[in-house]
2 protein chains.
Amino acid sequence: MDDQMEEYRKRQREQYQKRQQDGTEQTEAPADEKGNSGQVSAAAAADLVEASVQDAGAASSSAGASAGTGASPPSGSLKLVTWNVDGLDEGQIQLRHTALADWIKTHKPDIVYLQEVVYPTLRILRKHLTSTYDIIIPTNPRPDPSDMESLTRGIPCAYFCAVLLNKQSIQACGAPDSKWYPQSCMMRHLLSIRARPTAASAKDAELLLGTSHLESTAEYKNERVNQLSIVATNMEGWLSDPDTPSVCTVIVGGDLNLRDPEVKAAGVPSHIRDVWELLGKPDSCRYTWDMAANDNLVMQGGGKPRCRFDRLFIGQRPQGSASPPSGRYRWVPQSIEMVGTDRLSSCGRFISDHFGLLVKLELAVPTEGGEGGGSKGQKAKAKAKKGK
Amino acid sequence: MDDQMEEYRKRQREQYQKRQQDGTEQTEAPADEKGNSGQVSAAAAADLVEASVQDAGAASSSAGASAGTGASPPSGSLKLVTWNVDGLDEGQIQLRHTALADWIKTHKPDIVYLQEVVYPTLRILRKHLTSTYDIIIPTNPRPDPSDMESLTRGIPCAYFCAVLLNKQSIQACGAPDSKWYPQSCMMRHLLSIRARPTAASAKDAELLLGTSHLESTAEYKNERVNQLSIVATNMEGWLSDPDTPSVCTVIVGGDLNLRDPEVKAAGVPSHIRDVWELLGKPDSCRYTWDMAANDNLVMQGGGKPRCRFDRLFIGQRPQGSASPPSGRYRWVPQSIEMVGTDRLSSCGRFISDHFGLLVKLELAVPTEGGEGGGSKGQKAKAKAKKGK
DNA sequence: CCGAATGAG
DNA sequence: CCTCATTCG
Ligand SMILES: [Mg+2]
Ligand SMILES: [Mg+2]
């Protein structure tokens, strides 16, 4: 049972060593090198024979559920979940990831951030979700063998992040972006995509969505802090990018492997907030990786560590006087809960060694003369204080 | 043989635990609480029965050897050695430290920085060197049991730093200062003393001398970086202290346990220089702690690590137009060599697991119209470049 | 008093 | 994919 630790380490090591050697050999890359915007289509997925075979029935999204039509006042809600789904644990992988797909079909989140996706689990997700979700994975930069820097990171990535967008409620705008942390020895990356809700009442309130799996283990604290700084810098850039004035809110999160002091160390600016903190730090979803509550992974020796590894950061476009129209919108967190906390009856294990975090957001228009709609959670107050 | 490692760890742990408990009990403190300026006199050393019993014959110092008399042009040379003498290793301690005292009597350095002095070895040094050297050890602040912060550092210190000043060539000015790093879990401290050469030709070129043993082991990198920052801040303060305008040069060093990246991390200002680097980074004295060259300590498992743990930093008082007269002097490193590299014939071991660093300095007066004397080493050039 | 790896809580 | 302590090269 606890050769999983060994397995984990082994895989990390294998990948690390691999990049030293065969930086040029493309095996099964998470890429698209076909210019299809990094969004996986059935056509691009040559390795995917079962794609679209068994799509879930069309799920009605909750986003825009409260939306009016046409020029009605802006309104809308979104559900976002982030989850490290532990594709590196091969035990009951089929059962666990079928259950994950079922969970997604049942709860119909609008946005799904996944970490530790591997090809076998990607196939499962595609099989069940292709008709209802766009599945976005990182591009895999083609390594240039004469470029050492490229060689150190351009190799096929054995596990990676993914963003799923509910086709009914939200759609990708433009190509996703994959930034590979240059100093990572675990091929960690930041996967991001701009997205627009489909509901007419919310379609002008675009989001910049990003997910990442920051460098793991205490040993790589320094690199993880660097990576978080990169994340924060990207978030700041997106929040002030004049090319995408319609983006009002940036949400980046995932398995960040963070210990609290590291957030300060990274210098995350104060206007970028931790969603769990914004929502009052509920104890019920503090420890997203908790060996006392989840025995998918068992420490040798019987220790029961737990950590708040999975986090979401949110930033709102500044509302300067000269801000674009989207500057008046903001997606505001309303609630947060932990998911995946039940054992699967089929195998007695959990979907992952991490729990997921499910966050509900509502669209708010905090201009004078009344709330634009939906922003009546505890978050509304925090936002009002924060707004200039 | 390699229960030394165990011993080391054990002692460190004991001390750490001790401070949690008996913060108030004074055992054998390195102190003077008698207001004698921290400089150990035979009278203050109640535990020292053999003091002055067997003094070495008066050694003629090299400092001022080249000095003229009276109002002749400033000139002078000084020899400074820094050495972690591993008093925590009790093996052959008497032989090893008698050999250390012999080395000092033979080479007659003007300034000696020692680390890991313990009471038994202090007695040996006193026995052989009291008549020829002033032996300065840290004050031991009396802990106030109601003051938690004091409790964490005010306990008797089992091993400590010392500064020895050759009575013939240099004399302490005022009281020494002991700064205890507040976050140290090893009771580490910075021991400093202002000193004036006795030679008439150099008596206006005072030095601020400091030695320290920074937090050991890779594990305590962060605390060590903090401590180095404190050292650098103190050096800057001394270099600009209007109360001691006669101090022209500050030299602080010892067993700093540094790995190269930590120096940057500590933000040591660029005008504070590493003496070994100033002198061209000679390979012959790079590794002051070298298991390949010194088997006083043997790693279990047979590893042969080596590090440049022992370092000296030097800073010169800025020569602003309004600078005091001493601003025109500077003690300039001329050469550096490693000492203690021979096995003792008596026991086949080395004096310490660390080698010592012996540095020769000469007094320079780099004003326009010719060198003031002595500054013709390779260092003179570096100084000339550095001088404003 | 190294750094990487291992083992136990 | 925890922390500490220990082992091993
Ligand atoms: Mg994992
Ligand atoms: Mg030592």
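Letters go in sequence order (proteins before strands), and every chain restarts at 1.
Remark: side-chain polar atoms of B:R123 are not paired, donor with acceptor, to backbone N or O of B:V118 under 3.5 angstrom. Panel note: side chain A:S212, backbone A:H189; a donor-acceptor pair is recorded below 3.5 Å.
Atom OH in B:Y220 sits roughly 17 Å away from atom C1' in C:dG3 (whole-Å rounding). Computed from coordinates, the A:L214 CG to D:dC1 P distance equals 11 Å when rounded to whole Å. For the pair A:Y287 OH and D:dC1 C1', the computed distance is 16 Å after rounding to whole Å. The CE-P distance, from A:M299 to D:dC4, rounds to 15 Å in whole Å. Atom CG in B:D295 sits roughly 17 Å away from atom C1' in D:dG9 (whole-Å rounding). Atom CG in A:N84 sits about 6 Å away from atom P in D:dC1, given to the nearest Å. Distance, A:L258 CG to D:dC2 P: 12 Å, rounded to whole Å. Rounded to whole angstrom, the span from the CD atom of A:E215 across to the P atom of D:dC2 amounts to 12 Å.
Heavy atoms only, all atoms of each residue included: A:S184 and A:Q227 are closest at CB-NE2, 3.6 Å.
In this model, the phosphate group of C:dC2 is approached by a side-chain N or O of B:R259 to a distance below 4.0 Å at OP1 or OP2. Within the 4.0 Å cut-off from OP1 or OP2 of D:dC1, not a single side-chain nitrogen or oxygen of A:T217 is found.
A:R188 has no carboxylate O lying under 4.0 Å from a charged side-chain N of A:D255, or vice versa, which leaves the two without a salt bridge.
Using P as the reference atom, C:dC1 and D:dG9 are 23 Å apart when rounded to the nearest Å.
No engagement by A:N294 is indicated, since no non-hydrogen atom pair under 4.0 Å with the nucleic acid exists.
Candidate nucleotides C:dG7, C:dC1, C:dC2 were compared by shortest atom distance to the side chain of A:Q300, and C:dG7 ranks first. In the set C:dC2, C:dC1, D:dC1, the nucleotide with an atom closest to the side chain of A:H213 is D:dC1. In the set C:dC1, D:dC2, D:dC1, the nucleotide with an atom closest to the side chain of A:P305 is D:dC2.
Map A:K304 and B:F309 each onto its nearest nucleotide of DNA chain C; the residue landing nearer the 5' end is B:F309.
Screening B:D89, B:N294, B:D295 for a side-chain hydrogen bond (donor to acceptor under 3.5 Å, both in side chains) with B:R349, the sole residue that qualifies is B:D89.
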